[in-house]
Structures are given as C-alpha cells and as structure tokens.
Amino acid sequence: LRQNGDFVMSPYSMPVAGLQRELPICKVTDDLYIGAFICFGDAELTEACRRELLKLLERQDYDAMLDMSQNLPRQLQTLLQHLNARNNLQSEEAYKLSKELPDLGFPLYPAMKSDSHYRDLSEYYLLLRNLQKLGRYSEFVLRLNPFLTELLYTLLMQTEFAGYLKKSNGRIDVATDVLNSKQPELMKRLQAEAQRTLLDYKNFSIFLGISMLLVTDTLSDAHQNFLRACNALNTAQRNTAAHQLHAVLEEDIKHDCFFGIKHYGSAEIVQKLGELLAQAYPDVCDKSLFRIYDRCNDYIKAHLQLGTANV
C-alpha cells in the first residue's frame, strides 16, 4: 500500500485470546518488520485475556503461565515455579521454592507434624486429584497403581500383618509361609477372602494388599467395597492403558470400577482415596492440604486482580 507517496505495509491480522486484531507493521531494520501488539486501552482484549488466564489456572497449566510470568511480581513468579515443579512431582525443587514463599498467609505443606513418607504419598495424591480434574484418565489409571500400593502398605503396617511385610529397595515382600506357620487361622481367612491359595504369593500387589486389609476389620463397609472396586478397575484398565493404543475415558473408569451394583467415577475415587489417606495418617494428615492448589490459585487470582468468571 502507498500512503502520501510512501510504501506502507498492510496490518497483520491475527487471533488473540479469541479476538481478531489488526497489528500495525513497524519497521525495525531495513530487513526486519514486526507486528506491534498494543493492549493498552483495548478493554475488550483485556477482558478476553483475563478469561484465558482464568482458564489456565482452572486447568492448572502452570507451564503456560510461566511462559508469560516475566512481568509478574517476584513472589507470583516463584509461586508459579513452585506449583509447576510440584505438579510434576519435582519434590525437592518444589520444597526449595516453598522456602522463598513465607508470606502467603497459609502453609504450602499443611500437616500436623512432619513425616517424609506422608509428604511423598500426599504429593502423589495431589497429582491424582489434578489428573482427574484435567481429564487425563489414562495417566490417572496408570498412576493409581503405585499410589494405592503404598497406601495399602501403610494401612497394613498398623495391623496384625505388619510383621509379615518387608520393604526393600522399593519392593514389598510378603512372608506368606511365615504367616501360615505362625497364624494359620489368619492365613485361612485371607485365602478365603482372596478365593485362592496364597502360599506362593511373595510379592505385594494391589490384589493381595486389598485382600489382607479386608480381613482386618479396620475399614468401614463403604471403604471395603470401594477397595474391591479399585481392584476390579486395576484388573480391567491398567494393562489396557499401559500397553494398548487406548485412551481411558471417564465412562471406562465408571464401568470398570465397581463392586456389586455400586460404580465409582474418577471424582469419587479421588474422594475415597483422600479419606483412606487421612485414615492411614490420623496424627499427620491436615485435610486443608487437599485444597492447596485451589488456595494457591485463589491467591494468584487476587494478586492479578483476575476475579472470577465462567470458565
């Protein structure tokens, strides 16, 4: 285009936060021109960007927020880095960053007392909550297995089975032969629950751990039935999710996680796991931990003056 005899480049049209904007082309050098993005005074665009930021927080997409965090206050940058590391199970980095955030008004690791195993297990639980919230169901099913294994082990260490479990190098062994010799009646009840002979079972598994817990009378009927449903889900979906080109859907989880006539969706699975985690650590677990991402997101919204929106 020519304007007053001079050559003028056409504006560059591009979508921004769901809106179409015409960016004026500005000369930087003889060989370089850029489209100038100007947000000041554009109320419609400012509101659209606010909605998009809220969506990122709702999805807990801290990676994306970090990409545009260079102009944020230092404390918000550090909080986003902490949440991103924590959501990716980079525990040491997340904990180190938390030491730089003493003035949030709430603890990032609420607990009634310190316990390293609880902290690891609770962080894994928070990851499961986030995967469920994001609808990443294949990963949710795969990561459910190691979490449930550790949770079952912790619960069983508070029962008469504690002396027959040994953890070494990340593996849990079960002395079923010793159990059979020293407590034959308990072994008989266990095999009746499992509906199979267990003398050759030496490696701990979700199936064996659930069977052991079910004969201890330490769980409510609701939690017993839930664990039976988790075993059904693990049997039906874990190998499928790990070894086949198959995306696990919410309806798959609800179809396969059942006992009797009761089916459990992913949200109820997360709720029940939180209840069992609290039971496993009655003197440590502070349930405010379960909302820590929500509290951090509320803090970010308040300090960015994002408010709320239908996202």
Side-chain angles (χ1 to χ4, degrees), residues 54-62 83 86-89 121-155 193 205-211 213-214 218-281 285-298 308 310-311:
L54 284 170
K55 288 178 183 178
L56 291 177
L57 280 176
E58 182 71 16
R59 295 201 309 267
Q60 292 166 352
D61 192 346
Y62 303 116
L83 292 170
R86 195 168 180 173
N87 205 29
N88 287 297
L89 290 182
L121 197 56
S122 62
E123 288 301 300
Y124 211 107
Y125 171 73
L126 290 176
L127 174 63
L128 287 173
R129 281 175 63 96
N130 292 346
L131 291 173
Q132 186 278 325
K133 190 172 185 178
L134 295 171
R136 291 163 57 181
Y137 299 121
S138 294
E139 190 175 354
F140 175 80
V141 168
L142 288 172
R143 289 187 179 272
L144 182 60
N145 184 286
F147 172 81
L148 197 51
T149 298
E150 283 294 324
L151 180 60
L152 292 169
Y153 170 77
T154 303
L155 288 165
E193 173 62 41
S205 65
I206 285 179
F207 163 73
L208 184 55
I210 289 175
S211 298
L213 261 183
L214 291 177
T218 57
L219 300 178
S220 67
D221 289 344
H223 285 147
Q224 289 184 30
N225 292 340
F226 166 67
L227 287 177
R228 290 186 175 104
C230 283
N231 186 55
L233 174 66
N234 186 66
T235 302
Q237 283 293 339
R238 186 168 184 267
N239 287 336
T240 300
H243 302 299
Q244 297 183 25
L245 296 175
H246 171 77
V248 178
L249 304 176
E250 172 69 22
E251 48 262 41
D252 296 325
I253 292 174
K254 197 161 188 177
H255 177 271
D256 292 323
C257 189
F258 75 97
F259 179 75
I261 62 171
K262 171 67 175 174
H263 289 254
Y264 300 82
S266 60
E268 191 170 3
I269 291 173
V270 167
Q271 176 191 333
K272 293 295 184 187
L273 291 176
E275 294 169 2
L276 288 170
L277 180 61
Q279 180 173 333
Y281 291 94
C285 180
D286 181 337
K287 291 184 180 179
S288 66
L289 174 72
F290 300 163
R291 291 195 66 256
I292 194 63
Y293 283 92
D294 295 331
R295 295 192 72 179
C296 288
N297 286 351
D298 288 342
T308 58
N310 294 323
V311 296

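Values in this document were obtained by computation on a predicted structure and should not be read as measured data.
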**OP:** Could you grab the distance from atom CZ of Phe207 to atom OG1 of Thr235, nearest 0.5 Å is fine?
**Re:** 8.5 Å
Original post:
By salt bridge (Lys or Arg N to Asp or Glu O under 4.0 Å), which residues pair with Asp61, not counting sequence neighbours?
Top reply: Arg59
Original post:
Got a sec: does the NZ of Lys262 have more than 12 other heavy atoms crowding it under 6.0 Å?
Top reply: yes
Subject >> Residue list, ring pair (Phe, Tyr, Trp, His ring centres under 6.0 Å) with Tyr62, at least two apart or on another chain >> reply: none
Original post:
Of the options Leu233, Asp252, Leu144, which is the one that meets Cys257 in a side-chain contact (heavy atoms from CB on, under 4.5 Å)?
Top reply: Leu233
**OP:** Answer yes or no: is there a donor N or O on one side and an acceptor on the other, between the side chain of Gln224 and the main chain of Leu219, under 3.5 Å?
**Re:** yes
Original post:
Is there side-chain contact between Asp294 and Lys133, with at least one heavy-atom pair below 4.5 Å?
Top reply: yes
**OP:** Using a 4.5 Å cut-off on heavy atoms from C-beta on, say whether the side chain of Ile292 contacts that of Arg86.
**Re:** yes
Subject >> Glu275 versus Gln279, side-chain donor and acceptor atoms under 3.5 Å >> reply: no
Original post:
Does some side-chain heavy atom of Leu142 sit less than 4.5 Å from a side-chain heavy atom of Glu139?
Top reply: no
Original post:
Can you find a heavy atom in the side chain of Leu155 that is under 4.5 Å from one in the side chain of Thr218?
Top reply: no
Subject >> Check: Arg291 and Leu126 side chains under 4.5 Å, non-hydrogen atoms >> reply: no
**OP:** Please name the pair of heavy atoms, one in Glu250 and one in Ser266, separated by the smallest distance, quoted to 0.1 Å.
**Re:** OE1-OG, 2.6 Å
**OP:** To the nearest 0.5 Å, tell me how far Asn87 CG sits from Leu127 CG.
**Re:** 6.5 Å
**OP:** Could you verify whether a donor N or O on one side chain and an acceptor N or O on the other, from Arg228 and Asn225, lie under 3.5 Å apart?
**Re:** yes
**OP:** Decide side-chain contact (heavy atoms from CB on, under 4.5 Å) for Tyr137 and Leu131; before the verdict, give the C-alpha distance in whole Å, the side-chain angles of both, and the deciding distance to 0.1 Å.
**Re:** CA-CA 7 Å; Tyr137 299 121; Leu131 291 173; over 6 Å; no
Subject >> Side-chain heavy-atom pair Val270, Phe140 within 4.5 angstrom cut-off >> reply: yes
**OP:** Rounded to the nearest 0.5 Å, what's the gap from NZ on Lys272 to SG on Cys230? Could you check?
**Re:** 10.5 Å
Subject >> Side-chain donor or acceptor of Asp256 paired with backbone N/O of Ala236 under 3.5 Å >> reply: no
**OP:** For residues Tyr125 and Phe290, establish whether the separation of their ring centroids is below 6.0 Å.
**Re:** yes
Original post:
Taking the six-membered ring of Phe258, is NZ or CZ of Lys254 closer than 6.0 Å to its centre and within 45° of its axis?
Top reply: no
Subject >> Contacts of type ring pair (Phe, Tyr, Trp, His ring centres under 6.0 Å), residue Tyr153, not counting sequence neighbours >> reply: none
**OP:** Give a yes or no answer on whether the side chain of Ser138 reaches the backbone of Val248 with a donor-acceptor pair at less than 3.5 Å.
**Re:** yes
Subject >> Test item: side-chain donor near acceptor, Glu193 and Ser211, under 3.5 Å >> reply: no
**OP:** Would you name the heavy atoms of Leu121 and Leu277 that are closest together and state the gap between them?
**Re:** CD2-CD1, 3.9 Å
Original post:
Just how far is it from atom CD1 of Ile206 to atom CG of Asn231, taken to the nearest 0.5 Å?
Top reply: 7.5 Å
Original post:
How far does CD1 of Ile269 sit from CG of Leu128, to the nearest 0.5 angstrom?
Top reply: 10.0 Å
Subject >> Beyond-backbone contact of Arg136 with Arg143, side-chain heavy atoms, under 4.5 angstrom >> reply: no
Subject >> Gap between atom CG of Leu227 and atom CG of Leu273 - 0.5 Å precision >> reply: 8.5 Å
Original post:
If you look at every heavy atom in Gly265 and Ile253, which pair is closest and at what distance?
Top reply: C-CG2, 4.4 Å
